[in-house]
A.B. asks: 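I'd like to ask some things about the structure below.
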Amino acid sequence: MSNNASINGGVGSGISHDSTKKHANGTAVYVDDIRVPENALHLYAFPSPHAHAEITAMDLSEVESADGVALVLTADDITGMNDVSPTHSGDDPLLADGKVMFQGQAIFAVAADSLNQARAAAQLAKISFKPLPAILSINEALAQDSFVFTPQVMAQGDAEGELKNAKNTLSGKLNIGGQDHFYLEGQASLVIPQEDGDVLVHCSTQHPSEVQTHVAQVLGVERNAVTVEVRRMGGGFGGKETQASPWAALAAMTAQKTGRPAKMRLVRDDDMIMTGKRHPFQISYEVGFDDAGIVTALDMTLVSDCGHSLDLSRAINDRALFHADNCYYIPNMRVTGLKCRTNKVSNTAFRGFGAPQGMMAIEEVMDQVAQKLGKDPLAVRQANLYNASNNTTHYGMVVEDNVAPEIIAQLKTASNYDKRRAEIEEFNANNEFVKKGIALTPLKFGISFTTKFLNQAGALIHIYADGSVQLNHGGTEMGQGLFTKVAQIVANTLNIDLEHIKITATNTGKVPNTSPTAASSGTDMNGMAAKLAAEKLIDRLRQFAIEHYGVAEGDVKFLPNRVKVGKQTFSFKEFVNAAYMERIQLSATGFYATPKINFDPETGKGRPFLYFSYGASVSEVEVDTLTGEAEVVRVDILHDVGRSLNPTIDLGQIEGGFIQGVGWLTNEELFWNDDGALATHAPSTYKIPTMGDRPDIFNITLFDNENMEDTVYKSKAVGEPPFMLAISTYRAIWQVTKGNLDAPATPEAILKACGEPS
Ligand code: MTE
Ligand code: QUE
Ligand code: MOS
């Protein structure tokens with residue numbers, strides 16, 4: 001091999017996801033694929049039939065004596081704390097204690113030899129309830145001042161005063177629906193009891209350290225007695241950040257009390273009923289603007305339906321406020337966030353984490369302004385963009401990396417926007433019932449956890465004496481390709497082929513105190529931690545070469561798969577073995593904490609994000625105004641991932657995120673009946689997009705850019721931002737219906753917005 005050959009699978013190469021083949025041939029191991037020992041127990045949790053009620057009596061004797069039942073667990077059986085809240089101690093009881101707060105809340109759990117036995121036994125419970133009045137909507141919650149947290153305001157300028165001075169004003173409302181995560185693999189945990197009452201928890205979670213924390217808290221033991229391992233998830237999308245731990249904790253209690261392995265896997269219906277979803281939002285706004293369509297003042301309120309407890313709702317509602325400007329400079333702006341408590345399952349993180357709802361709000365405003373003035377909606381958007389002189393957000397952060405104007409201009413040309421818009425106008429003039437719409441929307445998404453302490457990550461790298469490498473870090477793999485990207489980063493840093501780097505399962509025993517793999521920052525943070533660990537190893541190896549071979553620092557070169565020391569060249573393997581023989585430590589940790597960030601909720605000001613990711617999309621839709629059916633016929637996307645670490649994976653994230661967003665805004669409708677029971681709890685009644693919903697023409701291009709901040713190989717986060725590209729699809733449908741179109745734009749909603757044909 002020549003010295004200037006480069007390594008295989010390094011940074012920037014579009015190699016496939018490390019599990020692609022295993023996904024296809026069925027050898028990728030998920031929690032449910034782990035062979036359970038023969039004496040394992042299987043758990044079922046009994047869901048509350050009421051949305052809000054007091055439990056007046058409970059007789060579980062028949063459950064206990066049913067076939068195959070080994071154990072029945074109630075709140076009284078918890079040795080530690082009856083709580084699995086991530087943010088507010090006592091807010092999320094593991095098992096209901098005296099009252100239930102939502103339909104589907106776990107009241108007791110049964111462990112039996114099989115899941116069917118456990119479920120059958122649970123039906124024998126005799127429980128008496130005294131139903132209480134339930135709050136089931138945002139409007140009821142607002143009327144009763146029912147909130148999970150205090151309001152947050154972010155403001156700049158004088159929105160109230162400038163609304164009075166504005167040439168034109170408009171006000172309006174928009175309701176935005178929730179979304180089920182519909183990960184292909186539901187919540188699942190398998191707990192294997194260890195010596196001394198310790199537990200090993202295999203769990204499908206984005207947040208192993210929080211599962212560890214909650215299991216320890218429920219068992220009443222220290223965290224060092226609990227090890228959580230995650231090889232991969234069959235999708236997480238935010239739904240396995242906080243809401244994986246209850247099921248792990250119930251299985252752990254069972255293992256602790258019986259000494260037997262215990263498994264808990266929610267079937268689809270139970271998963272949909274018992275776990276939280278994307279927050280529905282109600283938006284109201286008042287906007288002031290001049291005749292050119294420049295928004296001069298905006299006062300907006302973003303109200304979220306949090307369900308019965310706080311969970312992550314504070315940070316989610318805040319992120320909605322942080323994104324209520326999207327790419328637009330609004331000199332006088334005030335946004336208020338209200339977090340409603342309702343008697344529903346506690347809503348949680350979902351791709352975008354509130355930002356999609358915030359952006360939906362401002363994009364509605366942009367279209368309303370354009371419509372009022374009879375202007376091209378894209379021209380109005382472009383006139384309001386952040387620019388070099390107007391670059392301060394309503395939360396005081398300066399937008400330094402603004403590429404939105406350039407992305408929009410490029411995409412507008414590449415997608416032939418002007419020509420197609422004219423053609424669509426003509427088409428619509430000539431067609432009575434079938435109408436077309438086109439819309440371009442941009443996006444700017446802040447990268448970093450707005451909860452500062454979460455912006456940290458660790459990695460652990462071993463080089464074995466044969467030159468092979470084991471890589472571990474705090475991030476989890478949920479299909480997004482994190483493990484592959486981090487391995488590419490390590491391959492680059494050590495300058496060896498990717499095939500020598502073994503990816504290993506996330507394990508709280510290897511890297512402790514990890515943050516959730518969330519906020520799209522998995523690669524930014526764990527990739528940087530792994531790079532730092534690999535650099536430590538390189539430094540140590542270089543020092544070894546200098547001392548052992550007596551050469552100058554500049555005479556040690558780490559070439560692809562080779563190390564050159566003075567005039568000698570070794571294979572990486574030979575060189576590593578030589579270092580081992582000289583007792584050089586070949587294992588290192590790396591730690592990264594995101595720099596520059598701060599935010600003060602008191603003042604609503606700061607720099608919550610290290611940088612922004614950008615993108616834009618153009619959607620063209622065809623709507624049958626007699627049936628309300630809409631088809632997405634063409635989509636063009638230009639998206640900013642900085643310097644791509646892996647263009648294949650990045651394109652997959654953009655395509656998948658976009659389609660998931662289209663599902664949220666078109667097909668996916670959650671329906672609760674008047675008793676607060678979720679009626680749409682299976683794929684028969686809840687429709688996620690299918691292959692048929694993929695637009696026939698779907699052009700995705702990566703924007704040529706590099707991160708101006710010092711991120712890993714100048715890359716940018718990609719996980720969540722593309723989800724919000726789907727807003728252009730909703731806006732294109734709105735171009736047809738106008739008027740009051742709530743989200744999701746189902747055929748029913750479209751038909752309602754179109755009104756009766758004349
Ligand atoms: N992609 C797949 N295939 N599956 C997932 O569950 N989750 C998304 C996104 N992309 C997800 C996904 C969400 S919500 C986040 S926050 C990021 O991936 C998390 O991973 P990252 O930080 O490594 O991008
Ligand atoms: C984006 C996110 C998260 C976030 C903030 C963001 C997130 C998350 C938390 C969070 C907040 C408080 C806690 C906690 C987690 O904040 O995913 O345990 O106490 O979990 O801007 O994605
Ligand atoms: Mo993603 S919602 O931050 O897990």
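Count residues from 1 along the sequence. In each ligand, atom 1 is the first atom listed, and ligand 1 is the first ligand listed. All values below come from the heavy atoms of this structure, side chains included, with hydrogens, waters and symmetry mates left out.
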A.B. asks: So, is Q653 polar-close to ligand 1, with some N/O to N/O distance under 3.5 Å?
C.D. replies: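 Right, the criterion is met.
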A.B. asks: side-chain hydrogen bond (donor to acceptor under 3.5 Å, both in side chains) with D311: which of T87, T348, N347?
C.D. replies: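 That would be T348.
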A.B. asks: In terms of residue, atom name and distance, what is the protein heavy atom nearest to atom 22 (O) of ligand 1?
C.D. replies: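 Heavy-atom neighbour on the protein nearest atom 22 (O) of ligand 1: G522 N, 2.7 Å.
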A.B. asks: Considering only the protein, which heavy-atom contact is closest to atom 8 (C) of ligand 1, and what is its distance?
C.D. replies: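 Closest protein heavy atom to atom 8 (C) of ligand 1: R351 NE, 3.8 Å.
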A.B. asks: First locate atom OH of Y713, then atom CD1 of I489, and finally report the distance between them rounded to the nearest 0.5 Å.
C.D. replies: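 CD1 of I489 is found 7.5 Å from OH of Y713.
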A.B. asks: Regarding R607 and E709, does a basic nitrogen lie under 4.0 Å from an acidic carboxylate oxygen?
C.D. replies: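 Yes, this pair counts.
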A.B. asks: Could you tell me the residue and atom name of the protein heavy atom closest to atom 23 (O) of ligand 1, and the distance to it rounded to 0.1 Å?
C.D. replies: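 Ranking protein heavy atoms by distance from atom 23 (O) of ligand 1, first comes Q480 NE2, 3.0 Å.
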A.B. asks: Can we call the ring centroids of W664 and F350 under 6.0 Å apart?
C.D. replies: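 No, too far apart.
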A.B. asks: Any salt bridge linking K716 with D650? Criterion: basic side-chain nitrogen under 4.0 Å from a carboxylate oxygen.
C.D. replies: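 Not counted as a salt bridge, because no side-chain N and carboxylate O are separated by less than 4.0 Å.
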A.B. asks: Which atom names give the shortest non-hydrogen contact between T476 and T205, and what distance separates them?
C.D. replies: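 Minimum heavy-atom contact is CG2-O, 3.6 Å.
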A.B. asks: Kindly confirm or rule out a cation-pi arrangement of R319 over F445, judged by NZ or CZ under 6.0 Å from the six-membered ring centre and within 45° of its axis?
C.D. replies: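 That pair qualifies as a cation-pi contact.
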A.B. asks: What atoms of ligand 1 come within less than 4.0 Å of a heavy atom belonging to G236?
C.D. replies: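 Heavy-atom distances to G236 below 4.0 Å select 5 (C), 6 (O).
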A.B. asks: To the nearest 0.5 Å, what is the distance between CE on M708 and CD on E400?
C.D. replies: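 Rounded to the nearest 0.5 Å, the CE-CD separation comes out at 5.0 Å.
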A.B. asks: If you take the nearest heavy atom of each of G479, G352, P722, S521, which one is closest to atom 3 (N) of ligand 1?
C.D. replies: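 Shortest heavy-atom distance from atom 3 (N) of ligand 1: G479.
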A.B. asks: Does R231 pair with D18 as a salt bridge, N-O distance under 4.0 Å?
C.D. replies: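 Counted as a salt bridge, because a side-chain N and a carboxylate O are separated by less than 4.0 Å.
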A.B. asks: Are any of the N/O atoms in F350 less than 3.5 Å from those in ligand 1?
C.D. replies: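 Checking ligand 1 against F350, no N or O pair falls under 3.5 Å apart.
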A.B. asks: To check your reading of the model: name the closest protein heavy atom to atom 5 (C) of ligand 1, its residue, and the distance in Å.
C.D. replies: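 Atom 5 (C) of ligand 1 sits closest to the protein heavy atom F237 CE2, 3.1 Å.
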A.B. asks: Record the part of A519 in heavy-atom contact with ligand 1 below 4.0 Å; permitted values are side chain, backbone, both and neither.
C.D. replies: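 For A519, the contact with ligand 1 is made by the backbone alone.
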A.B. asks: Any non-hydrogen side-chain atom of D271 less than 4.5 Å from a side-chain atom of Y183?
C.D. replies: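 They are in side-chain contact.
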A.B. asks: Do the two ring centres, one from F483 and one from H473, sit under 6.0 Å apart?
C.D. replies: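 Ring-ring flag for F483/H473: true, centres closer than 6.0 Å.
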A.B. asks: For a quick test of reading the model, state the closest non-hydrogen atom pair linking E668 to P689 and the distance between them.
C.D. replies: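 Shortest heavy-atom separation between E668 and P689 comes out as OE2-CD, 3.4 Å.
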A.B. asks: Between ligand 3 and the protein, tabulate every N or O atom pair separated by less than 3.5 Å, reporting distance only.
C.D. replies:
from	atom 1	to	atom 2	distance (Å)
ligand 3	3 (O)	A519	N	2.7
ligand 3	3 (O)	E720	OE2	3.3
ligand 3	4 (O)	Q206	NE2	2.7
ligand 3	4 (O)	G238	N	3.3
ligand 3	4 (O)	E241	OE2	3.0

A.B. asks: Among all protein heavy atoms, pick the one closest to atom 17 (C) of ligand 1 and tell me residue, atom and distance.
C.D. replies: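 Answer for atom 17 (C) of ligand 1: G719 CA, 4.0 Å.
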A.B. asks: Does D600 offer a backbone N or O that forms a donor-acceptor pair with the side chain of K605 under 3.5 Å?
C.D. replies: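 No; judged by distance alone, with no hydrogens or angles, the pair does not exist.
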A.B. asks: Which heavy-atom pair separates T514 from H207 by the least distance, and what is that distance?
C.D. replies: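 Scanning both residues completely, I find the closest heavy atoms to be O-CE1, 3.4 Å.
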A.B. asks: Give the single entry among E720, E185, M478 that approaches atom 7 (N) of ligand 1 most closely by any heavy atom.
C.D. replies: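 Heavy atom nearest to atom 7 (N) of ligand 1 belongs to M478.
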A.B. asks: Under a heavy-atom criterion of less than 4.0 Å, does A518 contact ligand 1?
C.D. replies: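 Yes.
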A.B. asks: Can you tell me which residues line ligand 2 if we count any heavy atom under 4.0 angstrom from one of its atoms, in chain and number order?
C.D. replies: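 Heavy-atom contacts below 4.0 Å: P86, T87, E210, E241, L312, A315, R319, F353, S448, F449, T450, T451, L454, P516, A518, A519.
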A.B. asks: Strictly below 4.0 Å, N to O, side chains only: are R232 and E185 in salt-bridge contact?
C.D. replies: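 No, no charged N to carboxylate O under 4.0 Å.
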A.B. asks: Establish, yes or no, whether a centroid distance under 6.0 Å links the rings of H323 and F609.
C.D. replies: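 Yes: the rings meet the under 6.0 Å criterion.
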A.B. asks: For ligand 1, which atoms, with element, lie under 4.0 Å from some heavy atom of G235?
C.D. replies: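 What qualifies from ligand 1 is 6 (O).
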